[in-house]
Number of protein chains: 2
Amino acid sequence: MAFMEITTEAPQQHRPRGRPREFDADAALDHAIAVFSVRGYHGTAISDLADAMQLTPGSLYKAFKDKRGILLAAFDRYRLVRSTKLKAAIAPFPAGRDKIRAALLFYAEAAHGELGQRGCLVIATAAELAVTDPVAAERVEVAHATNEAVMKDCVVLGQSDGSISANIDAAETARALLCLLQGMRIVGKTGRSRAEMMAVADMAMKLLD
Amino acid sequence: MAFMEITTEAPQQHRPRGRPREFDADAALDHAIAVFSVRGYHGTAISDLADAMQLTPGSLYKAFKDKRGILLAAFDRYRLVRSTKLKAAIAPFPAGRDKIRAALLFYAEAAHGELGQRGCLVIATAAELAVTDPVAAERVEVAHATNEAVMKDCVVLGQSDGSISANIDAAETARALLCLLQGMRIVGKTGRSRAEMMAVADMAMKLLD
DNA sequence: TGATATAGGAAACGATCGTTTCCTATATGG
DNA sequence: CCATATAGGAAACGATCGTTTCCTATATCA
């Protein structure tokens with residue numbers, strides 16, 4: 001997983017006042033994403049993060065306020081990286097139906113093997129924090145709503161370009177697709193093969209009929 | 001949620017040797033299921049469990065060995081209760097297609113509203129412990145495999161009774177259904193309406209075409 | 001009844017947690 | 001150069017964690 005192609009740009013007009021930061025926040029957060037995904041939020045100690053991010057606890061608290069701040073920053077970066085890659089995956093295909101197929105394959109690729117076992121940080125956050133942390137819950141909700149909207153746009157596009165039947169309900173189809181994509185990530189937590197996940201992606205295309 | 005209809009029967013030939021247990025283990029585990037589902041494993045303290053189960057920490061350790069023992073016992077009971085209810089939900093329908101519709105509605109019922117936000121203990125365990133705890137991972141794998149097998153049996157039955165096309169792959173259809181069911185539970189963690197989940201269940205029937 | 005075995009529960013245990021303090025280092029602004 | 005402002009990091013903090021100890025209570029077996 002080469003995350004570093006995607007960076008959070010800095011305005012870069014004038015250097016800020018004090019001592020400049022010595023570490024790359026994006027690279028550090030990529031490590032935090034991996035740790036949180038594998039160990040969960042409460043299962044991750046600050047020392048785990050410090051080790052993985054190669055920073056001292058003091059520096060972590062200076063940069064991210066507290067443990068929850070690290071999680072939220074990692075969550076936001078995870079979303080940025082994943083949605084950027086998803087858009088790139090579906091962009092080459094002009095037809096709505098082909099965009100959806102590409103999205104399904106993109107998820108099948110992420111949900112299988114070792115990467116699939118690491119899992120999705122949105123799902124980890126939903127499962128562990130959605131009930132007890134309103135801020136985390138809202139970010140999960142936004143993430144799901146955004147993915148749902150991307151799927152819906154593809155369905156609507158497909159209906160206008162003729163690749164998808166005009167008789168299906170775009171909103172409900174998109175929601176069913178969202179459930180299936182999220183389910184692939186959960187099932188992938190126990191280590192499924194590429195072939196299995198690809199077959200699921202294939203079957204999911206039936207939702208467009 | 002009236003869990004107590006379903007109990008773990010005791011052999012009941014001769015009373016065991018020492019002082020008899022004063023609490024109902026099934027009822028206590030039902031409370032543990034609720035706590036673990038809402039707070040997660042690492043987010044749940046022994047004191048939380050002691051409060052919910054109305055037992056002292058000492059009694060918990062005497063009965064379940066340690067915190068992980070409580071989780072595994074709660075997990076096993078959760079599976080027993082849920083799979084018993086699932087079987088009851090699909091039993092009245094003779095046709096394979098109708099059994100699958102019943103299973104989808106059963107999940108839609110569990111995945112919406114407040115109960116949906118509490119979530120599924122199998123998914124909570126998969127998300128939080130699958131990578132770090134091999135025993136928990138195996139139980140999740142068995143749970144998924146069992147659900148997948150139930151779906152597959154329904155598809156095969158439907159293909160023999162003519163309610164489902166003989167041209168579809170039963171194993172791959174069952175796996176896609178499993179992903180969709182699990183995805184409903186994840187999406188339901190942020191509180192979806194009954195109508196939304198029912199619509200997803202309806203859409204999922206397309207996988208049988 | 002007395003020996004044995006298990007349950008209930010108050011209290012205390014060391015370990016580890018998340019967080020803060022405090023000092024040094026390195027930058028900018030005047 | 002001196003004031004200001006922020007970053008890095010070692011060390012220490014109280015709080016809480018999971019677990020154990022130890023004693024009492026209640027059952028069966030002989």
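Just so it is clear: chains get the letters A, B, ... in the order the sequence lines come, proteins before strands, and each one is counted from 1.
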- Do you know which of V187(B), L181(B), L180(B) makes side-chain contact (heavy atoms from CB on, under 4.5 Å) with V200(B)?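 Among V187(B), L181(B), L180(B), the one that satisfies the side-chain contact (heavy atoms from CB on, under 4.5 Å) with V200(B) is L180(B).
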
- Item | All side chain to side chain donor-acceptor pair (under 3.5 Å) counterparts of T132(B), not counting sequence neighbours | none

- Item | Set of residues satisfying side chain to side chain donor-acceptor pair (under 3.5 Å) with respect to S59(B), sequence neighbours excluded |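 For S59(B) the side chain to side chain donor-acceptor pair (under 3.5 Å) partners, ignoring immediate neighbours, are T56(B).
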
Any carboxylate oxygen within less than 4.0 angstrom of a Lys/Arg side-chain nitrogen, looking at [X] and [Y]?
X	Y	value
D133(A)	R68(A)	yes
D153(A)	K99(A)	no
D202(B)	R101(B)	no

- Query: Starting at the 5' end of DNA chain D, which residue's closest nucleotide do you reach first, E22(B) or A45(B)?
  - Reply: A45(B)

- Residues pairing under salt bridge (charged side-chain N to carboxylate O under 4.0 Å, His left out) where one sits in residues 40-67 of chain B, two or more places apart or in two chains, turn out to be R39(B)-D48(B)

- Residues two or more places apart in sequence or in another chain: which of them pass side-chain contact (heavy atoms from CB on, under 4.5 Å) with A34(A)?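 A34(A): side-chain contact (heavy atoms from CB on, under 4.5 Å) contacts with R118(A).
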
- T84(A): what forms a side-chain contact (heavy atoms from CB on, under 4.5 Å) with it, not counting sequence neighbours?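 Partners of T84(A) under the side-chain contact (heavy atoms from CB on, under 4.5 Å) test: I6(A), L80(A).
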
- Residues in contact with DNA chain C, drawn from residues 36-43 of chain B - heavy-atom cutoff 4.0 Å: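 Within this stretch, nothing sits under 4.0 Å of the strand.
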
- Task: Return the residues of residues 49-71 of chain B meeting this criterion: a heavy atom under 4.0 Å from some atom of DNA chain C. Order them by number, or give none.
- Result: T56(B), G58(B), S59(B), K62(B)

Smallest separation among heavy atoms of [X] and [Y], with atom names:
X	Y	answer
M203(B)	A176(A)	CB-CB, 3.8 Å
A126(A)	V140(A)	CB-CG1, 3.6 Å
I164(B)	G96(B)	CD1-C, 4.2 Å
I168(B)	L208(B)	CD1-O, 3.9 Å

- Sequence neighbours excluded - side-chain hydrogen bond (donor to acceptor under 3.5 Å, both in side chains) pairs with any residue from residues 177-187 of chain A: Y78(A)-R185(A), H144(A)-Q182(A)

- At what angle, to 10 degrees, do the two end axes of the helix from dT1(C)-dA30(D) to dG30(C)-dC1(D) meet, given five pairs define each axis?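 Roughly 10°, once rounded to the nearest ten degrees.
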
- Could you tell me from which nucleotide to which nucleotide of DNA chain C, 5' to 3', there is an atom under 4.0 Å from chain A heavy atoms?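 Contact boundaries, 5' end first: dC17(C) to dG29(C).
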
Below 3.5 Å between N/O atoms, which protein atoms pair up with nucleotides 3-5 of chain D? Just atom names and distances, please.
unit_1, atom_1, unit_2, atom_2, d
dT4(D), O2, R17(A), NH1, 2.9

- Task: Could I get the full list of salt bridge (Lys or Arg N to Asp or Glu O under 4.0 Å) partners for R79(A), not counting sequence neighbours?
- Result: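 Expected list: none.
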
